[in-house]
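Here is the structure we will look at.
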Amino acid sequence: MSDAPTPGTTIVSVRDVHRDYPLGGDRVHALQGVTLEVESGDYVAIVGPSGCGKSTLLNLIGVIDKPTSGTVAVAGKRVDAMSDGEATRFRLHNIGFVFQRFYLMPILSAVENVALPMAEAKVPRDERVRRASELLTYVGLGSRLRHRPSELSGGEQQRVAIARAVAKRPDALLCDEPTGALDYETGKLVLEVLERVNRELGTTTALITHNAAIAAMADRVIRMRSGEISEITRNARRATPGELSW
């Protein structure tokens with residue numbers, strides 16, 4: 001688990017990043033010269049059409065992938081230069097992920113799912129169970145600690161996934177279409193949790209969305225097109241989940 005960074009500290013630094021993929025005898029240019037900085041406590045929304053490079057950028061920040069050229073630093077560490085083992089350890093301790101699909105272990109209870117990454121990080125059992133229980137209560141699931149995923153709704157499962165993602169106090173929380181598989185009302189509940197995590201816990205958050213209403217919740221909106229950042233704007237006021245409609 002990482003200590004809380006000083007406000008104003010650069011948590012994510014992406015410099016002139018290119019990412020190419022071979023496709024048959026050709027190459028796909030997924031990212032083309034992307035440069036971006038995200039400060040501690042920021043909430044940024046990454047928007048753009050399918051195939052514009054949003055998920056590729058998030059995967060580079062999350063140390064799931066490496067750039068073809070350019071540099072990526074997270075919490076002051078050059079993650080693009082890490083070995084596979086170093087990248088695995090860094091993800092475990094420093095990055096939280098929330099995906100469209102929940103990726104919960106079906107045989108584990110909610111509290112066991114949240115505690116699992118802390119177990120992998122060698123957190124003592126009593127501490128990880130205590131923290132997992134506290135986080136599930138924080139996201140509104142204090143009465144569902146012993147329920148397995150099959151006994152939870154989609155929105156409840158996503159809230160378990162958020163609790164799991166922030167259990168290690170990550171430097172960055174990366175969310176890829178976290179409401180994409182949820183209906184409107186359930187999605188709003190999940191967005192409320194993400195809003196609280198950012199505002200109250202100070203967790204630096206980057207969220208991919210196709211939805212302009214959801215992007216209005218962020219401090220800044222990063223618009224992408226054809227592998228490039230086309231525009232970065234700052235919302236004059238962050239919308240609240242209760243104000244959203246789509």
Side-chain angles (χ1 to χ4, degrees), residues 1 43-47 50 54-59 61-65 88 91-121 123 128-129 131-198 200-201 203-211 213-215 217-218 241 244 246:
M1 300 182 193
Y43 192 148
V44 300
I46 305 172
V47 302
S50 297
K54 302 186 302 297
S55 293
T56 300
L57 176 59
L58 212 67
N59 287 343
I61 295 170
V63 209
I64 293 174
D65 196 5
T88 298
R91 283 194 304 273
L92 176 62
H93 291 278
N94 300 82
I95 305 292
F97 295 98
V98 179
F99 299 102
Q100 182 171 326
R101 297 182 64 183
F102 317 125
Y103 295 112
L104 301 178
M105 296 291 288
I107 64 171
L108 300 182
S109 67
V111 73
E112 290 168 335
N113 266 285
V114 176
L116 184 59
M118 291 187 283
E120 294 171 348
V123 176
R128 63 182 185 254
V129 171
R131 180 155 176 79
S133 300
E134 288 177 352
L135 283 168
L136 285 168
T137 300
Y138 183 78
V139 301
L141 295 175
S143 63
R144 298 285 193 270
L145 302 183
R146 302 301 171 188
H147 287 60
R148 292 184 179 181
S150 62
E151 302 170 309
L152 301 172
S153 69
E156 288 171 335
Q157 290 184 63
Q158 191 63 297
R159 282 185 279 163
V160 173
I162 294 170
R164 178 185 59 191
V166 300
K168 301 168 294 180
R169 303 182 180 95
D171 291 304
L173 176 64
L174 308 180
C175 309
D176 195 345
E177 294 281 0
T179 62
L182 305 175
D183 62 57
Y184 169 72
E185 291 298 335
T186 305
K188 284 180 68 173
L189 291 174
V190 168
L191 291 170
E192 286 173 2
V193 171
L194 291 174
E195 169 76 0
R196 288 187 65 201
V197 164
N198 176 254
E200 297 177 5
L201 304 184
T203 306
T204 306
T205 303
L207 179 147
I208 287 177
T209 182
H210 287 89
N211 193 317
I214 294 174
M217 290 178 50
L244 300 185
W246 63 84

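For reference, positions follow the sequence shown, starting with 1. Side-chain atoms are counted along with the backbone in the values below, which use heavy atoms only and exclude waters and symmetry mates.
- Once rounded to the nearest 0.5 Å, the distance linking CG of L174 with OG of S55 reads 11.0 Å.
- With values rounded to the nearest 0.5 angstrom, R128 atom CZ is found 8.0 Å from M118 atom CE.
- The side-chain contact (heavy atoms from CB on, under 4.5 Å) with L173 is formed by just one residue from the set L194, T204, I95; it is L194.
- K54 contributes atom NZ, which lies 8.0 Å from atom CG of D176 (distance to the nearest 0.5 angstrom).
- Inter-residue side-chain proximity for T203 and N198 is flagged as unmet; no heavy-atom pair is nearer than 4.5 Å.
- Inter-residue side-chain proximity for I208 and C175 is flagged as unmet; no heavy-atom pair is nearer than 4.5 Å.
- Closest approach of V98 and A165 over heavy atoms only: CG2-CB, 3.8 Å.
- Note that CE of M217 and CD of E192 are 8.5 Å apart. Values are rounded to the nearest 0.5 Å.
- Between the NZ atom of K168 and the CZ atom of R91 there is a distance of 9.5 Å, given to the nearest 0.5 Å.
- The side-chain heavy atoms of R159 and F102, taken from C-beta on, include no pair separated by under 4.5 Å.
- For the residue pair E112/S109, the side-chain donor-acceptor check at 3.5 Å is satisfied.
- Looking at L182 and V190, their side chains come closer than 4.5 Å, going by heavy atoms from C-beta outward.
- To the nearest 0.5 Å, the span separating NZ on K188 from CG on D183 amounts to 11.5 Å.
- The shortest distance between side-chain heavy atoms of S50 and H210 falls below 4.5 Å.
- Using a 4.5 Å heavy-atom threshold, the side chains of R164 and L135 count as separate.
- You'll find the side chain of R169 reaches within 4.5 Å of the side chain of R131, heavy atoms only.
- Residues passing the salt bridge (Lys or Arg N to Asp or Glu O under 4.0 Å) test with R144, sequence neighbours excluded: E156.
- Looking at N59, I64, L57, D65 one by one, the single match for side-chain contact (heavy atoms from CB on, under 4.5 Å) with I61 turns out to be L57.
- Summarising the geometry of P117 relative to N113, their closest heavy-atom pair is CD-O, 3.5 Å, with the distance given to 0.1 Å.
- Between F97 and F99, the ring planes lie parallel to each other; the angle is under 30°, not in the 30° to 60° tilted range.
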